[in-house]
> 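Here it is, the structure, as structure tokens.
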Protein chains: 2
Amino acid sequence: MLETDLLSLNIPATTKPRVVIIGGGFGGINLAKKLDNEKFQVVMFDRQNYHGFWPLLYQVATAGLEPDAIAEPLRKMFGSDDYKDFHFRLVKVTGINPTSKTVSTLIGDLPYDYLVVATGTKSNYFGNDQIKKYSFPLKQIPDALNLRSQLLQSFEQASMTKNEEIRQSLLNIVIVGAGPTGVELAGALAEMRRHVLPTDYPGLDFSQMNIYLVEGLDRVLPPMSPEASAKTKKYLEEMDISIKLNTLVESYDGNVATLKGGEQIRTHTLVWAAGVAGALIDGLPAESVERGRILVNQFNQVLGFSDIFAIGDIAFMKSDEFPKGHPGVAQPAIQQGQLLSKNLNRLIRNEQLEPFKYFDKGSLAIIGRSRAVADLPGNRHISGFFAWLIWLFVHITYLVGFRNKLVVLSNWTYRLFTYERGTRLIIRPFVRKGDRQRRKFFDQYNTES
Amino acid sequence: MLETDLLSLNIPATTKPRVVIIGGGFGGINLAKKLDNEKFQVVMFDRQNYHGFWPLLYQVATAGLEPDAIAEPLRKMFGSDDYKDFHFRLVKVTGINPTSKTVSTLIGDLPYDYLVVATGTKSNYFGNDQIKKYSFPLKQIPDALNLRSQLLQSFEQASMTKNEEIRQSLLNIVIVGAGPTGVELAGALAEMRRHVLPTDYPGLDFSQMNIYLVEGLDRVLPPMSPEASAKTKKYLEEMDISIKLNTLVESYDGNVATLKGGEQIRTHTLVWAAGVAGALIDGLPAESVERGRILVNQFNQVLGFSDIFAIGDIAFMKSDEFPKGHPGVAQPAIQQGQLLSKNLNRLIRNEQLEPFKYFDKGSLAIIGRSRAVADLPGNRHISGFFAWLIWLFVHITYLVGFRNKLVVLSNWTYRLFTYERGTRLIIRPFVRKGDRQRRKFFDQYNTES
């Protein structure tokens with residue numbers, strides 16, 4: 001019955017300029033929040049009905065937080081009277097048509113006056129379909145829930161085998177990519193291994209649990225300062241995480257990861273945090289795209305257009321200071337979204353646009369309790385307990401603004417301080433695509449209701 | 001690689017009597033909590049790794065709570081030093097062999113000295129495979145998450161169609177079965193319809209949203225008193241819920257529910273809360289089973305056995321006072337589990353067993369804010385604000401004991417008082433088995449990471 005041709009976008013006609021925003025990430029919501037609904041009609045498309053605070057996604061994967069602590073429904077976010085002409089549609093955008101000035105979706109086209117591409121990134125497997133098939137990505141909430149179930153099920157199975165090789169394979173976790181996601185996940189797993197798992201699984205010897213962190217470059221946390229990298233490496237080693245730098249994973253068949261050079265690691269769980277590519281949408285001319293990202297000028301206008309913008313991770317704004325574009329973190333997206341709201345105001349008044357200037361608030365990464373690193377503005381680098389306090393403060397402040405709910409935070413803070421992980425429920429039996437043997441085993445948990 | 005023959009139960013050998021408990025529900029955990037690990041080795045099997053507080057499951061389905069608020073990992077529950085000889089295994093039990101005194105699982109057999117069947121119930125579709133295929137059960141956490149996504153996706157789609165018939169079908173919710181689950185779900189949906197959804201979906205007219213509550217018997221809440229039923233009916237009607245008593249659903253094809261008598265309701269969402277059947281396990285003689293439940297004597301011993309017990313919903317203990325057995329709620333299971341721990345102590349000391357005597361603490365149901373009904377001991381019946389306060393008190397008290405976490409409760413209480421539903425995230429694209437058209441539509445949300 002529910003064929004897509006029975007649906008239509010149902011966006012009310014308007015005399016105001018219509019701003020269409022593709023994506024409800026950091027860029028999209030910060031733009032939409034500031035756009036005056038008296039002057040603009042705002043339409044947002046996303047394939048998910050929530051905005052996620054992705055820097056804490058690893059906490060969902062490691063059973064520290066439930067999804068609602070790091071995600072907020074977009075309709076709730078824009079449910080107040082300030083957004084009387086804001087229209088969210090849960091639908092996939094299939095293309096952009098600059099000539100007709102329309103956006104195509106699965107259920108129809110919509111004309112725009114201004115179009116903002118804020119689609120962010122997706123995992124990049126660099127063409128390796130086998131790794132794509134068998135590895136666990138960590139980009140979205142379902143990924144985190146899948147990884148959580150996979151980890152917990154692996155421990156359950158490890159406690160049920162007498163086969164040493166199988167047990168070791170279940171207890172080996174390989175994380176590919178030592179960027180913030182990989183490092184923070186490795187740290188959280190090391191804390192679980194020390195504080196939570198031995199109590200939960202008294203029959204298992206967790207000194208056998210190995211956490212490998214594999215990185216193709218020559219240091220961990222490559223986007224941060226060399227000082228932060230060095231300190232982070234020290235922390236990770238103190239926490240017994242095996243770091244393999246200058247190392248690429250060549251193949252992974254679901255059982256054995258083969259590293260460049262020939263080393264093999266048997267593992268049932270390989271987390272792919274090694275790379276991202278822009279989530280491009282068809283319809284822009286080839287010359288506006290470079291290295292999978294959309295070329296924009298200093299006003300975030302897509303090369304060759306004055307009414308199409310790209311912000312955040314998908315935007316590639318070359319400058320002398322950032323020849324490779326801005327770092328793929330929340331701040332550039334937030335700041336570009338905020339600036340664009342002002343520039344759209346200027347555009348309709350025919351005023352001069354303000355160029356984007358990135359204000360680097362610094363970078364943070366947490367490795368474990370009392371172990372964090374911070375690159376602060378002014379080329380200052382700190383680490384340890386004080387950096388950890390800053391990390392806590394920044395994330396709690398953000399979540400308070402984001403959720404506006406101190407009670408949720410009390411829960412979170414409590415868990416953070418007690419190592420308590422109440423959410424270690426195996427809710428969805430994870431089945432990897434094409435992994436029939438595993439499916440066969442887990443089918444028993446697909447219990448009938 | 002992970003064929004089941006590579007796994008084994010790995011239960012340590014013991015000289016103590018071994019108690020094997022099948023099921024970590026109310027009966028199973030209350031027994032296991034009280035069993036002295038100095039005297040008994042305790043083994044618990046379950047296909048889920050958590051114990052759920054199922055009376056609040058409808059809150060997960062209606063986006064009021066996240067799963068971790070109503071479920072607790074079994075390993076965490078039994079992780080303290082009091083349970084040094086407690087062994088949990090996440091595995092499916094396939095049969096009981098009274099002759100060899102062993103339990104069979106997918107990965108091997110285990111000898112028992114005492115066996116306790118505490119498997120509870122599963123949904124009963126009374127042989128109607130079409131309803132089983134297309135309806136939404138509400139028995140387990142994945143059910144609740146599926147139903148939540150289904151409801152929210154229906155509203156999203158309703159806001160995207162101009163076809164009146166389709167929109168009405170998406171906005172019609174049919175709940176089959178007016179027991180506690182059906183009534184509490186209907187009430188929560190009515191509250192959402194009034195307080196949350198109009199803000200979230202300003203483009204939809206929620207006066208078009210119909211909630212049908214269909215019951216085969218002649219009153220709602222049949223397990224409670226006629227007084228409670230009458231009051232509940234009044235509350236439900238005040239909240240604009242369409243009640244159809246003495247009415248059976250004959251068929252449902254995913255689009256149209258046909259009621260006995262011929263009335264048809266177009267709906268995309270039919271919730272099946274109409275019946276349960278015991279979750280039986282193979283191996284007991286036919287004469288120990290009646291109406292899908294296991295016949296037990298007053299010590300919960302299965303008919304014909306002194307070393308096999310059944311407790312909770314799966315147990316059928318006939319008595320003059322309860323000719324149809326005890327009500328299928330938490331209290332009989334809890335009390336039978338607690339009593340059985342004492343009786344097992346008596347058994348190993350060759351003492352006389354104590355017969356089960358059900359202590360009826362009363363029944364409660366919540367229909368909405370300030371609207372609840374209570375049957376109290378001594379044939380007293382109250383309703384309204386005071387009954388609502390009792391409901392709150394009872395559930396908060398239970399959850400405090402259950403979770404031992406006031407912080408989680410603060411969140412919950414806050415939401416309960418503010419109508420705030422932060423968890424309305426569509427996390428898993430729901431696909432009904434065999435529903436290809438729907439799958440086709442929702443495949444777009446299976447976004448790649």
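Residue numbering restarts at 1 for every chain, and letters A, B, ... go by the order of the sequence lines.
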> Taking all heavy atoms of B/Met160 and all of A/Asn10, pick out the closest pair and write down the distance.
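Scanning both residues completely, I find the closest heavy atoms to be C-ND2, 4.0 Å.
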> Could you check which of B/Ile11, B/Val276, B/Leu74, B/Thr161 has the highest count of heavy-atom pairs closer than 4.5 Å to chain A?
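Most heavy-atom pairs under 4.5 Å with chain A: B/Thr161.
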> For B/Asp81, what residues pass the side-chain hydrogen bond (donor to acceptor under 3.5 Å, both in side chains) criterion, not counting sequence neighbours?
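If we apply the side-chain hydrogen bond (donor to acceptor under 3.5 Å, both in side chains) test to B/Asp81, skipping adjacent residues, the hits are B/Lys84.
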> Look up atom CD1 in A/Ile166 and atom CG in B/Leu7, then write down how far apart they are to the nearest 0.5 Å.
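Rounded to the nearest 0.5 Å, the CD1-CG separation comes out at 8.0 Å.
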> Relative to chain A, which of B/Pro12, B/Ser80, B/Ser159 shows the most heavy atom pairs under 4.5 Å?
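Most heavy-atom pairs within the cutoff with chain A belong to B/Ser159.
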> Restricting to side-chain hydrogen bond (donor to acceptor under 3.5 Å, both in side chains), what partner residues turn up for A/Asp82, sequence neighbours left out?
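By the side-chain hydrogen bond (donor to acceptor under 3.5 Å, both in side chains) rule, A/Asp82 matches no residue at all.
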> With a 4.0 Å cut-off, would you call A/Glu156 and B/Arg89 a salt bridge?
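The answer is no: the pair does not qualify as a salt bridge.
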> Quick check for you: to the nearest 0.5 Å, what is the distance between A/Asp200 atom CG and B/Met77 atom CE?
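If I round to the nearest 0.5 Å, the distance is 12.5 Å.
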> Going from NZ on A/Lys76 to OG1 on B/Thr199, what distance comes out if it is rounded to the nearest 0.5 angstrom?
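If I round to the nearest 0.5 Å, the distance is 11.5 Å.
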